[in-house]
Each structure stands twice: as structure tokens, then as C-alpha cells.
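Only one structure is covered here, and it is reproduced in the block below.
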Amino acid sequence: MNRWAMEERPILIVEDNPRERELIASALIGYELSGNVMSMSCGAELLDYIARRGSYHSRRTVPSLVILDLDLEDMHGLELLRAIRHDREMGAVPVVIFSGSDSALDAAVARELRADGFVVKPTDFHDLQTTVRSLAVFWASQVRKTAPTGTSNND
């Protein structure tokens, strides 16, 4: 893994469009920015992850980054951002909104809820890959030396 590689904690992608989810994951893995990418297709799955329910009941760590779509089929991404920020363990995890929405209102509410970034998804495949790579490289350089509350550096 190269010098930009994220910590072993996963990068979480929450995106309901399977093609876009795959493109984002491929860009992260293809550029060797992370070998540990988790994809989720709906908000309910992320809520289970946060609450350690269902198949996530034994998770031991929090992600190093969450890439979150706003327009999920089962709920709005801003509701999920609010849930992340209110969780003791996940509250400090960087969250980047990666959405097709270019709504100034969505961007303002995301900032108010302490989103770490708001990126409008490019529609072109090459531009999407370039944007994901830039986003991940930036956040890889921002990863704190200490783990968030509730984890240890040995996870």
C-alpha cells in the first residue's frame, strides 16, 4: 500500500446506486488509497452499523472516512449525518457528502451538521474517478494519529 493509504480502519461508502458504489470503491482500491472499503446500499444498514445491530453487532472499529450520498431510497443522507454526529464513537469520523445534489440548501444544512466536505458527483466516469481519488488522498493526509473515542490503535 502506498504512502497515501488510509489506516486499516475501513472507508465506508453509503450509496444506493450499485454502479456508483462500485465506481467509488474501484477508484479507492485502484489507486491503492485503501484496501479496506465497505459499501452499504441503504441508510438502514448504516444505522445498524452505528448501533452495532444485526451483522454489525461485533464490529470493533469505526471507519476512517464515510462517503455519504444524500438521496438514498430509504432515507435522506442528512438524517444519517445527524445520526453519525450524535453517536459517541462515530461523532468524530470525517464525513464527506458525495451527492448528485447541487442544492445550496443541502450544502448549508450539511455544514451546519458538521459535514467535513460536500462534493457534487461528476456525471462523467473519468471525472468521477479523479474526484474520488482527490477526495481520498486529501482525507488520507488528514487522518489523525490518534484513533477516535472507543477504538485503539491496535484494532
Side-chain angles (χ1 to χ4, degrees), residues 1 3-17 20-21 23-25 27-29 31 33-121 128 131-155:
M1 201 134 315
R3 66 189 181 96
W4 292 110
M6 290 284 197
E7 297 175 17
E8 289 303 309
R9 295 183 294 143
I11 295 176
L12 224 55
I13 301 166
V14 185
E15 167 64 62
D16 57 356
N17 181 311
E20 290 181 7
R21 204 170 46 242
L23 289 173
I24 295 166
L28 293 169
I29 294 166
Y31 286 109
L33 296 168
S34 179
N36 192 358
V37 175
M38 289 181 64
S39 297
M40 297 179 176
S41 61
C42 66
E45 189 174 359
L46 178 60
L47 292 176
D48 285 348
Y49 182 89
I50 293 168
R52 296 177 184 253
R53 290 188 300 244
S55 61
Y56 301 107
H57 75 278
S58 62
R59 80 165 164 84
R60 294 180 24 174
T61 189
V62 296
S64 58
L65 173 66
V66 175
I67 299 174
L68 178 61
D69 186 22
L70 284 186
D71 299 316
L72 299 167
E73 289 183 17
D74 62 341
M75 65 184 60
H76 199 274
L78 292 174
E79 293 175 54
L80 296 167
L81 177 57
R82 188 174 285 112
I84 290 168
R85 291 299 179 232
H86 283 101
D87 185 76
R88 185 182 61 79
E89 285 185 305
M90 298 263 305
V93 172
V95 177
V96 175
I97 303 299
F98 197 62
S99 178
S101 170
D102 62 357
S103 162
L105 180 59
D106 283 342
V109 173
R111 277 191 306 275
E112 188 176 297
L113 294 172
R114 297 181 297 126
D116 296 282
F118 190 99
V119 178
V120 177
K121 285 184 220 172
L128 178 67
T131 301
V132 169
R133 180 180 183 274
S134 297
L135 179 135
V137 166
F138 175 77
W139 284 108
S141 69
Q142 301 297 311
V143 172
R144 297 174 185 93
K145 298 291 182 196
T146 58
T149 304
T151 65
S152 73
N153 289 325
N154 297 326
D155 282 344

Partners meeting side chain to side chain contact (heavy atoms under 4.5 Å, CB included) with L23 (sequence neighbours left out):
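L23 satisfies side chain to side chain contact (heavy atoms under 4.5 Å, CB included) with R19, F125, L128 only.
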
For residues [X] and [Y], report the shortest heavy-atom separation together with the two atoms involved.
X    : Y    : value
L81  : L68  : N-CD2, 4.0 Å
F118 : A110 : CD1-CB, 3.9 Å
G100 : V120 : O-CG1, 4.2 Å
I13  : I24  : CD1-CG2, 3.5 Å
V62  : P10  : O-CD, 4.1 Å
M90  : P63  : SD-CD, 3.5 Å

Show me the pairs that pass side chain to side chain donor-acceptor pair (under 3.5 Å) and involve residues 97-107, at least two apart or across chains.
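Checked against side chain to side chain donor-acceptor pair (under 3.5 Å) - neighbours excluded - the pairs reaching residues 97-107 are S101-D106.
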
With sequence neighbours left out, which residue pairs that include part of residues 73-86 fulfil the side chain to side chain donor-acceptor pair (under 3.5 Å) condition?
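Matches after skipping sequence neighbours: R85-D116.
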
Can you list the residues that meet the salt bridge (charged side-chain N to carboxylate O under 4.0 Å, His left out) rule with [X], with sequence neighbours excluded?
X    : result
R59  : E89
E45  : none
R111 : none

Output all residues satisfying ring pair (Phe, Tyr, Trp, His ring centres under 6.0 Å) with Y49, sequence neighbours left out; order by chain, then residue number.
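Here the qualifying residues are Y56.
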
CG on D48 to CD1 on I50, rounded to 0.5 Å
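That separation rounds to 9.5 Å.
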
Worked check of side-chain contact (heavy atoms from CB on, under 4.5 Å) between R9 and N36:
CA-CA 7 Å; R9 295 183 294 143; N36 192 358; 5.8 Å; no

So I11 and I67, side-chain contact (heavy atoms from CB on, under 4.5 Å) or not? Walk me through it.
CA-CA 8 Å; I11 295 176; I67 299 174; 4.1 Å; yes

Does the side chain of [X] reach to within under 4.5 Å of the side chain of [Y], using non-hydrogen atoms?
X   : Y   : result
L47 : R53 : yes
S39 : E15 : no
P94 : L65 : yes

Are any of the side-chain nitrogens in K121 or D69 under 4.0 Å away from the carboxylate oxygens of its partner?
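Salt bridge flag = yes for D69 with K121.
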
I would like to know whether L70 and L80 meet side-chain contact (heavy atoms from CB on, under 4.5 Å); could you show each step before the answer?
CA-CA 9 Å; L70 284 186; L80 296 167; over 6 Å; no

Output, in order, the C-alpha distance, side-chain angles, deciding distance and verdict of side-chain contact (heavy atoms from CB on, under 4.5 Å) for F98 and T131.
CA-CA 10 Å; F98 197 62; T131 301; 3.8 Å; yes

